[in-house]
A.B. asks: 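The structure's right below; bear with me while I get my questions together.
We count ligands from 1, going down the list as the structure has it; atoms in each ligand are counted the same way.
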Amino acid sequence: MDDLERQHAIRHELPPPGVTGATLEELSAALVDCRACPRLVQWREQVARERRAAFATEEYWGRPVPGFGDPNARLVVVGLAPAAHGANRTGRMFTGDRSGDWLFRALHRNGFANQPTSRDRRDGLRLVDAWITGAVRCAPPGNRPTPPERDACGAWLDAELRLLNNVVAYVCLGAYAYVSLWRSLGRLGLALPRPRPRFRHGLTVALRSQSISASYHPSQQNTFTGKLTEEMLDDVLQRVRQAIDG
Ligand code: SF4
């Protein structure tokens, strides 16, 4: 642990305030006021003030980004964290950036979204039997939360997963999401195989009544280089579709 991490660890000895909620709506309402991670609060708000030239006339969200979708979802998709000029701008997970363009096209092709595009919070997008969330809810500099930030925000993920009662399948986008989900399910008391299987694209781990699948994250780093193709992501989602439809 370096000095920065130690400094943040001290602040994170207590769970973030406001991790409560009898419903997903109440949880989201509490989440958007969270200021538990000083470095991330500073960054998300700085990005929202300075803005990218292409979005200079837009009002950025600049706050924690809640999960969204169908509260009765059987599929939960877990990402890393809001993108600085994507979800941190629009206020909805994976909305307004290239990763989201890629993800929502795939969800639509596989029947988990009513439309293939995701532009802003009022664009008519509706997830079908799916919920999208993230390991960390505030945009981190360089897309790299510190371990204490991940652990602090894990309390929100735990609370959210507790309220999603119909989940049959988790799809983790990237190794960070995979490890974070694993830790969260462990804290919630699920019996998980040990040792944890190593992350790889296409991995599926069967639990007692659920499964965890893994895909490379649809970041431009992966999609522009061909590390992740549309066929590869479809393959993961099609297998999930078969599993939840029986
Ligand atoms: Fe709160 Fe999570 Fe944002 Fe940290 S990253 S301030 S725990 S919402």
A.B. asks: List every atom of ligand 1 that sits less than 4.0 Å from any heavy atom of L40, numbering the atoms from 1 in the order shown and giving each element.
C.D. replies: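 Here the atoms of ligand 1 in question are 5 (S).
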A.B. asks: Charged N to carboxylate O under 4.0 angstrom, D235 versus R239?
C.D. replies: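 Yes, this pair counts.
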A.B. asks: Any N/O/S of C138 under 2.8 Å from atom 3 (Fe) of ligand 1?
C.D. replies: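 Given the 2.8 Å cut-off, C138 counts as a ligand of atom 3 (Fe) of ligand 1.
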A.B. asks: Quick test of your reading of the structure: of P140, C34, C37, G154, whose heavy atom lies closest to atom 4 (Fe) of ligand 1?
C.D. replies: C37
A.B. asks: Before giving the answer on side chain to side chain contact (heavy atoms under 4.5 Å, CB included), spell out for C138 and V41 the whole-Å C-alpha distance, their side-chain angles and the decisive distance to 0.1 Å.
C.D. replies: CA-CA 7 Å; C138 294; V41 171; 5.6 Å; no
A.B. asks: Need the ligand 1 atom indices (1-based, order shown) with element for anything under 4.0 Å from a heavy-atom of V136.
C.D. replies: 5 (S)
A.B. asks: For ligand 1, does P64 get within less than 4.0 Å through its side chain, its backbone, both, or neither, judged by non-hydrogen atoms?
C.D. replies: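 The answer is the side chain of P64.
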A.B. asks: Check R183 with D151, please: is the shortest side-chain N to carboxylate O separation under 4.0 Å?
C.D. replies: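 Yes, D151 and R183 are salt-bridged.
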A.B. asks: With side-chain hydrogen bond (donor to acceptor under 3.5 Å, both in side chains) as the test, pick out the partner of Y60 among H85, R51, E50, R49.
C.D. replies: H85
A.B. asks: Using a strict threshold of under 4.0 Å (side-chain N to carboxylate O), is an ion pair present between R63 and D33?
C.D. replies: yes
A.B. asks: Which ligand 1 atoms does L31 reach within 4.0 Å, using its non-hydrogen atoms?
C.D. replies: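 Per the distance check, 8 (S).
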A.B. asks: Which ligand 1 atoms, with their elements, are less than 4.0 angstrom from a heavy-atom of A36?
C.D. replies: 6 (S)
A.B. asks: Show, in sequence, the C-alpha distance, side-chain angles and deciding distance for L125 and R92, and conclude whether the side chain to side chain contact (heavy atoms under 4.5 Å, CB included) test is met.
C.D. replies: CA-CA 11 Å; L125 173 70; R92 193 172 68 189; 3.5 Å; yes
A.B. asks: Using a 4.0 Å cut-off to any heavy atom of C153, which atoms of ligand 1 qualify?
C.D. replies: 2 (Fe), 5 (S), 7 (S), 8 (S)
